[in-house]
Amino acid sequence: IMLHSTLALSLLLIAVTSNLAMAIKKEKRAPQTLSRGWGDEITWVQTYEEGLYQAKKSNKPLMVIHHLEECQYCQALKKAFAENEEIQEMAQNNFIMLNLMHETTDKNLSPDGQYVPRIMFVDPSLTVRADITGRYSNRLYTYEPQDMMFLIENMKKALRLIQTEL
C-alpha cells in the first residue's frame with residue numbers, strides 16, 4: 001500500500017510539474033502575438049496611442065510598421081527584419097516598436113498613401129518624420145528585404161535627429 005501511494009503521488013507530481021512547465025512555456029511565448037513574427041525579443045506596444053505615450057515618456061522614437069498577413073512583400077520584409085541582429089537590437093533598445101495590420105486614424109502616417117509594407121518613425125515630440133524615407137519614390141516609406149542596411153541608417157537617423165532637435 002505504501003508503494004502504491006508513493007507511486008500515485010509521484011505520478012501526480014509529474015502531471016502537475018509538466019502542466020506547470022507548459023504554463024511557463026506559454027507565458028514565455030506570449031509576446032509572439034504582438035510581435036507577429038517581426039522579432040520575439042522586442043517589446044511591442046499594442047496600439048498607436050500607447051506607442052505615442054511611450055515615445056514621449058521614454059524620449060525614444062516610435063517605429064511604426066504597417067503590414068498585412070497575406071502580403072508577400074510584407075512577409076519577405078518581415079523575414080529580413082527579424083533575421084537582422086543589428087535591427088533587432090536597436091529596435092529592442094532604442095525604439096518604441098509597433099506593428100499594425102490596420103490603418104491608424106492619424107493621416108500623418110500615410111502622407112503618400114495607405115500601402116504595405118510601410119515603416120515610419122515618430123519623434124518623441126510626437127512629430128511624424130516624413131523626412132525619413134526609403135529608397136523608392138513611388139512608395140516613400142516602403143523597404144524591401146535587400147534594404148536592411150538602408151533601414152539601419154534610417155533608424156540611426158531617427159535617433160540622431162532627436163538628440164539634435166531637443
Side-chain angles (χ1 to χ4, degrees), residues 23 26-145 147-148 150-166:
K26 272 202 197 96
E27 193 56 47
K28 241 188 133 162
R29 262 201 322 244
Q32 181 48 303
T33 51
L34 285 181
S35 110
R36 301 186 181 93
W38 289 89
D40 292 344
E41 301 305 310
I42 296 170
T43 307
W44 297 90
V45 293
Q46 208 159 351
T47 63
Y48 182 54
E49 292 65 33
E50 186 191 346
L52 293 175
Y53 173 78
Q54 293 293 345
K56 198 176 177 70
K57 198 175 87 167
S58 65
N59 200 35
K60 291 178 178 178
L62 168 65
M63 184 173 181
V64 184
I65 305 170
H66 284 94
H67 64 105
L68 290 169
E69 208 51 62
E70 62 274 11
C71 155
Q72 62 181 20
Y73 303 105
C74 300
Q75 293 299 346
L77 180 64
K78 180 194 295 191
K79 189 176 181 329
F81 187 97
E83 287 172 2
N84 187 299
E85 282 178 28
E86 191 174 356
I87 287 178
Q88 292 291 305
E89 196 175 315
M90 270 203 294
Q92 172 60 7
N93 298 323
N94 309 107
F95 287 84
I96 302 301
M97 297 296 296
L98 172 67
N99 71 75
L100 287 177
M101 294 173 72
H102 58 83
E103 283 298 333
T104 64
T105 50
D106 187 345
K107 296 286 172 265
N108 296 312
L109 279 184
S110 50
D112 66 338
Q114 298 189 338
Y115 52 85
V116 291
R118 190 165 89 246
I119 299 179
M120 297 194 71
F121 297 94
V122 185
D123 203 68
S125 65
L126 307 188
T127 312
V128 174
R129 305 292 329 206
D131 54 342
I132 303 180
T133 56
R135 306 166 66 147
Y136 309 99
S137 53
N138 59 335
R139 293 186 162 195
L140 291 177
Y141 306 96
T142 205
Y143 295 84
E144 293 188 350
D147 299 333
M148 290 307 96
F150 197 78
L151 180 58
I152 287 170
E153 286 313 305
N154 276 348
M155 288 172 83
K156 289 179 177 167
K157 187 173 173 184
L159 292 169
R160 229 182 11 253
L161 288 173
I162 292 176
Q163 268 103 45
T164 55
E165 289 179 10
L166 281 184

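We number each residue from 1, following the sequence as shown.
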- Return the set of residues passing salt bridge (Lys or Arg N to Asp or Glu O under 4.0 Å) with K157 (not counting sequence neighbours), or none when no residue passes.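 None.
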
### Set of residues satisfying salt bridge (Lys or Arg N to Asp or Glu O under 4.0 Å) with respect to E69, sequence neighbours excluded
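K78.
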
query: What do the steps show when you test I65 against Y143 for side-chain contact (heavy atoms from CB on, under 4.5 Å), and what is the final call?
result: CA-CA 10 Å; I65 305 170; Y143 295 84; over 6 Å; no

Return the [atom1] to [atom2] distance between [X] and [Y], rounded to the nearest 0.5 Å.
X    : Y    : atom1 : atom2 : value
W44  : Q92  : CH2   : CD    : 10.0 Å
R36  : L100 : CZ    : CG    : 7.0 Å
M90  : I152 : CE    : CD1   : 5.5 Å
N99  : I119 : CG    : CD1   : 10.0 Å
T133 : N154 : OG1   : CG    : 6.5 Å
Q54  : M97  : CD    : CE    : 14.0 Å

Can you name the closest pair of heavy atoms from [X] and [Y] and give their distance?
X   : Y    : result
C71 : P117 : SG-CD, 4.3 Å
A55 : L62  : CB-CB, 4.1 Å
L52 : L126 : O-CD2, 3.5 Å
D40 : S35  : OD1-OG, 2.5 Å
E50 : T47  : N-OG1, 3.0 Å

- Electrostatic pair K156:E86 at N-O distance under 4.0 angstrom: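 Between E86 and K156 there is a salt bridge, with a charged N closer than 4.0 Å to a carboxylate O.
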
Checking the side chain of [X] only, and the main-chain atoms of [Y] only, is there a donor and an acceptor separated by less than 3.5 Å?
X    : Y    : answer
N108 : V128 : no
K60  : N93  : yes
N84  : F81  : no
Q88  : E83  : no
Y141 : A130 : yes

Any side-chain heavy atom of [X] within less than 4.5 Å of one from [Y]?
X    : Y    : result
T142 : L77  : no
P61  : L159 : yes
P111 : L140 : no
I42  : M63  : no

Listed once per pair and sorted, the ring-ring contact (aromatic ring centres under 6.0 Å, His included) pairs that draw on residues 46-77, sequence neighbours left out: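 Every pair satisfying ring-ring contact (aromatic ring centres under 6.0 Å, His included) with a residue in residues 46-77: W38-H67.
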
### Message
Listing request: all ring-ring contact (aromatic ring centres under 6.0 Å, His included) pairs with a residue in residues 91-133, at least two apart in sequence or in separate chains.
### Response
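As it turns out, the ring-ring contact (aromatic ring centres under 6.0 Å, His included) pairs with a partner in residues 91-133, which skip direct neighbours, are F95-F121.
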
task = With sequence neighbours left out, write down each residue that passes side-chain hydrogen bond (donor to acceptor under 3.5 Å, both in side chains) with Q114, or none if nothing qualifies.
result =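 With neighbours one apart ignored, the set is empty.
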
Under the side chain to side chain contact (heavy atoms under 4.5 Å, CB included) test, which residues partner E41, sequence neighbours left out?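 E41 satisfies side chain to side chain contact (heavy atoms under 4.5 Å, CB included) with no residue once adjacent residues are dropped.
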
- prompt: Under the side-chain contact (heavy atoms from CB on, under 4.5 Å) criterion, do V122 and D106 qualify, and how do the steps go?
  reply: CA-CA 11 Å; V122 185; D106 187 345; over 6 Å; no

